[in-house]
Amino acid sequence: MKVLATLKNVDSTSCKRVIIRNLSRILDIKIIDIDVEQGVISFMYSAQDSFNQVKRELLRLGFPMQNYTSIFNSEQEFTKSGLSNPSDYLYRARKPYIKISQ
């Protein structure tokens, strides 16, 4: 899932570096962007425990989340692209692949 969160006390690029350095230690997240002027961070996580770790780490660093929005895109799950026969799909990872019959 993707999260957009407003952080408190983010006011310089050094704050951004501290956040990136500390959050990069959490394995199941990917930092997408940190906007220093708006105080907004966007990141993706795969497990709820990872999200809770991010919240705790930001609080520990002095940049607590004021509010956040989780965005779940249904396209991140297995989707069908329009073929009518479900046997025409070969799912691998999270993207559908179409079998080519010969």
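Numbers for residues simply follow the sequence, beginning at 1.
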Distance-only donor-acceptor hits, side chain of residues 4-11, under 3.5 Å, sequence neighbours excluded:
{"unit_1": "Thr6", "atom_1": "OG1", "unit_2": "Asn67", "atom_2": "OD1", "d": "2.9"}
{"unit_1": "Asn9", "atom_1": "ND2", "unit_2": "Gly62", "atom_2": "O", "d": "3.0"}

List for me each residue that meets side-chain hydrogen bond (donor to acceptor under 3.5 Å, both in side chains) alongside Gln66, sequence neighbours excluded, and say none if there are none. none
Kindly write out the residues that satisfy side-chain hydrogen bond (donor to acceptor under 3.5 Å, both in side chains) with Thr69, not counting sequence neighbours, or none if the list is empty. none
Any pair counted as salt bridge (Lys or Arg N to Asp or Glu O under 4.0 Å), so long as it reaches residues 59-70, sequence neighbours left out: Glu57-Arg60
Which pairs count as ring pair (Phe, Tyr, Trp, His ring centres under 6.0 Å) when at least one residue sits in residues 4-45, sequence neighbours excluded? Tyr45-Phe51
Distance (rounded to the nearest 0.5 Å) between Lys2 NZ and Ser42 OG: 5.5 Å
Are Pro64 and Leu58 close enough that some pair of their side-chain heavy atoms sits under 4.5 Å apart? no
Run the side-chain hydrogen bond (donor to acceptor under 3.5 Å, both in side chains) test against Thr13 and tell me which residues pass, sequence neighbours left out. none
Acceptor/donor pairs from residues 24-40 side chains to any protein atom, 3.5 angstrom cut, sequence neighbours excluded:
{"unit_1": "Ser24", "atom_1": "OG", "unit_2": "Ile20", "atom_2": "O", "d": "3.1"}
{"unit_1": "Ser24", "atom_1": "OG", "unit_2": "Arg21", "atom_2": "O", "d": "2.9"}
{"unit_1": "Arg25", "atom_1": "NH1", "unit_2": "Asn22", "atom_2": "OD1", "d": "3.4"}
{"unit_1": "Asp35", "atom_1": "OD1", "unit_2": "Glu37", "atom_2": "N", "d": "3.3"}

Take Leu23 and Ile41 through the side-chain contact (heavy atoms from CB on, under 4.5 Å) test and state the conclusion after the steps. CA-CA 11 Å; Leu23 292 186; Ile41 183 172; 3.7 Å; yes
Could you please spell out the steps behind the side-chain contact (heavy atoms from CB on, under 4.5 Å) verdict for Val54 and Met65? CA-CA 9 Å; Val54 170; Met65 282 189 194; 4.0 Å; yes
